[in-house]
Amino acid sequence: MKVAVLGFGTVGAGIYEMLSHAEGLEQGPVLVRPGKDDAPFKRTSIEAVLAEPGVEAVAEAMGGIEPAFSYAMAAIKAGKHFVTSNKALVAAKGIELAAAARDMGVGFLFSAACGGGVPFLHNLSLAVESDMIVSLGGILNGTTNYMLDAMQRRKLSYGEALKDAQKLGYAEADPSADVSGLDALRKIVLGSAVAYGVLPTEGLYNEGIENITAEDVSRIQARGLTCRLMAKCGPVPGGKVYAYVEPVLLKASAAECSVLDNYNMARYEGKCSGPMVFMGQGAGRWPTASAVLRDLSCILKDKFFMLRADCRRGSADNEACRHSYYVRLPGSLTGCFEVKSYSETDGQTELVTKPMSVKAMHEMAARLRAEGAKMFFAAFED
Ligand code: HSE
């Protein structure tokens with residue numbers, strides 16, 4: 001099967017290279033920006049790519065929603081299978097792409113969009129055929145895991161850790177999606193779509209790691225805890241789901257503490273199977289390209305979809321999820337929370353809240369920050 005590649009950045013170039021030695025697959029043309037067509041296999045328009053004789057599948061690794069969505073629709077309507085590593089695209093337009101692909105009888109797979117090289121969505125999509133998924137989530141962003149690990153073990157500052165993650169090709173072109181938790185949120189939204197047939201677009205919360213400092217990391221370590229950015233999702237009665245991303249403080253015995261560098265640890269719990277854990281590199285050229293190639297191999301074997309035909313957009317409801325939170329904030333704001341314990345070190349106030357809902361915590365933080373407060377918060381693991 002000849003595969004065209006859209007984009008020739010970190011992931012696109014990896015896919016193109018891997019296609020040269022993948023069984024049953026061959027290199028097709030590559031779409032690049034005008035002026036970047038410095039090799040005979042490069043094209044600068046989607047029309048030229050789709051017109052190339054023999055192209056049966058398109059692998060997209062451009063990122064962003066437009067023009068990726070228009071190009072994806074053009075490819076599908078031209079009868080090409082479509083695979084992508086682009087979580088922003090699938091989180092926003094996955095339902096339309098799946099419907100168009102079903103109409104045209106072509107495949108639409110996106111396992112590289114959640115967990116990079118980790119075969120999480122594929123296994124989840126198999127599990128839902130025979131089991132009920134009680135919950136899913138985990139560490140789904142390689143950049144922030146790399147940063148938190150580097151800040152804790154190598155004592156790097158936030159800025160140094162981010163620079164390293166960018167140099168290593170883990171971060172998005174605009175790393176704000178990584179550090180704000182939006183990238184992980186998009187991935188858990190895809191997990192929800194696969195597991196529950198609900199792609200939530202409202203009621204979602206993402207707290208990232210933008211507000212953590214080297215001092216926060218030291219204080220958390222002094223409590224014998226490790227901070228990881230985690231995504232969580234599960235069903236809520238009434239056809240909704242809970243879905244959110246936030247930093248979590250873990251005891252040393254938690255498996256997530258041993259997830260280092262750019263690794264991800266995704267998990268689901270099946271009602272019958274119990275917990276299933278998938279760990280591997282969630283970012284970077286080769287892990288992500290390998291997941292795209294895995295999708296293409298699935299299409300060769302006639303596995304065309306991981307989204308159910310009845311998948312729909314829906315809302316998240318994070319009211320019933322409750323935790324105690326660790327909060328670092330100006331002392332004057334302590335009264336905004338019901339406090340379990342409280343301490344003051346070097347002019348910084350740290351408090352532990354009584355259990356409160358995810359919705360209440362995220363909304364309180366948004367309100368206080370809008371009023372100019374500088375604060376960091378993280379949930380204690382249940
Ligand atoms: N920027 C993403 C991450 C890439 O760090 O996980 C893989 O999705």
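Between Asp37 and Thr44, the side chains place no donor N or O within less than 3.5 Å of an acceptor N or O (distance only, hydrogens not considered). Side-chain contact annotation: Thr353 with Lys340, donor-acceptor N/O pair under 3.5 Å absent.
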Identify all side-chain donor-acceptor contacts of residues 95-107 below 3.5 Å with residues at least two apart in sequence or on another chain.
| unit_1 | atom_1 | unit_2 | atom_2 | d |
| --- | --- | --- | --- | --- |
| Glu96 | OE1 | Arg313 | NH2 | 3.1 |
| Glu96 | OE2 | Arg313 | NH1 | 3.3 |
| Glu96 | OE2 | Arg313 | NH2 | 3.3 |
| Arg102 | NH2 | Leu307 | O | 2.6 |

Under 3.5 Å, sequence neighbours excluded: what are the donor-acceptor pairs made by side chains of residues 248-258?
| unit_1 | atom_1 | unit_2 | atom_2 | d |
| --- | --- | --- | --- | --- |
| Glu256 | OE2 | Arg267 | NE | 3.1 |
| Glu256 | OE2 | Arg267 | NH2 | 3.1 |
| Ser258 | OG | Ala255 | O | 2.7 |

In a table with atom names and distances, give each donor-acceptor pair under 3.5 Å that connects a side chain of residues 149-163 to protein atoms at least two apart or in another chain.
| unit_1 | atom_1 | unit_2 | atom_2 | d |
| --- | --- | --- | --- | --- |
| Asp149 | OD1 | Arg153 | NE | 2.7 |
| Asp149 | OD2 | Arg153 | NE | 3.4 |
| Asp149 | OD2 | Arg153 | NH2 | 2.7 |
| Asp149 | OD2 | Asp261 | N | 2.9 |
| Gln152 | NE2 | Thr226 | OG1 | 3.4 |
| Arg154 | NH2 | Tyr146 | OH | 2.8 |
| Lys155 | NZ | Gln152 | O | 2.8 |
| Lys155 | NZ | Gln221 | OE1 | 2.8 |
| Ser157 | OG | Glu160 | N | 3.1 |
| Ser157 | OG | Glu160 | OE1 | 3.4 |
| Glu160 | OE1 | Ser157 | N | 2.8 |

Show me, pair by pair, the donor-acceptor contacts under 3.5 angstrom made by side chains of residues 59-74, not counting sequence neighbours?
| unit_1 | atom_1 | unit_2 | atom_2 | d |
| --- | --- | --- | --- | --- |
| Glu60 | OE1 | Thr84 | OG1 | 2.5 |
| Glu60 | OE1 | Asn86 | ND2 | 3.4 |
| Glu60 | OE2 | Met62 | N | 2.8 |
| Glu60 | OE2 | Gly63 | N | 3.1 |
| Glu60 | OE2 | Asn86 | ND2 | 3.1 |
| Glu66 | OE1 | Ser70 | N | 3.4 |
| Glu66 | OE1 | Ser70 | OG | 2.7 |
| Glu66 | OE2 | Ser70 | OG | 3.0 |

Pairs under 3.5 angstrom only: tabulate donor-acceptor contacts from the side chains of residues 229-245 to other protein residues two or more places apart or in another chain.
| unit_1 | atom_1 | unit_2 | atom_2 | d |
| --- | --- | --- | --- | --- |
| Lys232 | NZ | Glu381 | OE1 | 2.9 |
| Tyr244 | OH | His323 | NE2 | 3.0 |

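When the side-chain contact (heavy atoms from CB on, under 4.5 Å) test is applied to Ala214, no partner is found at least two apart in sequence or on another chain. Residues passing the ring pair (Phe, Tyr, Trp, His ring centres under 6.0 Å) test with Phe41 are Phe8, Tyr16, sequence neighbours excluded. Take Val128 and apply the side-chain contact (heavy atoms from CB on, under 4.5 Å) test, not counting sequence neighbours, and it matches Ile133, Ala195.
Sorted by first and then second residue, the ring pair (Phe, Tyr, Trp, His ring centres under 6.0 Å) pairs with a member in residues 201-234 read Tyr205-His362; sequence neighbours excluded. The list of ring pair (Phe, Tyr, Trp, His ring centres under 6.0 Å) pairs with a residue in residues 96-117, not counting sequence neighbours, reads Phe108-Phe110. Here ring pair (Phe, Tyr, Trp, His ring centres under 6.0 Å) pairs that include residues 210-233, with residues two or more places apart or in two chains, number zero.
With respect to the salt-bridge test (charged N to carboxylate O, under 4.0 angstrom), the residues Arg369 and Glu207 qualify. Between Glu363 and Arg367, no side-chain nitrogen of the basic residue sits less than 4.0 Å from a carboxylate oxygen of the acidic one, so the salt-bridge criterion is not met. Salt-bridge formation is detected for the pair Glu52/Arg43: a Lys NZ or Arg NE/NH1/NH2 atom is positioned less than 4.0 Å from an Asp or Glu carboxylate oxygen.
In the hydrophobic clustering, where aliphatic and aromatic side chains (Ile, Leu, Val, Met, Phe, Trp, Tyr) are joined below 4.5 Å either directly or transitively, Met132 stands alone.
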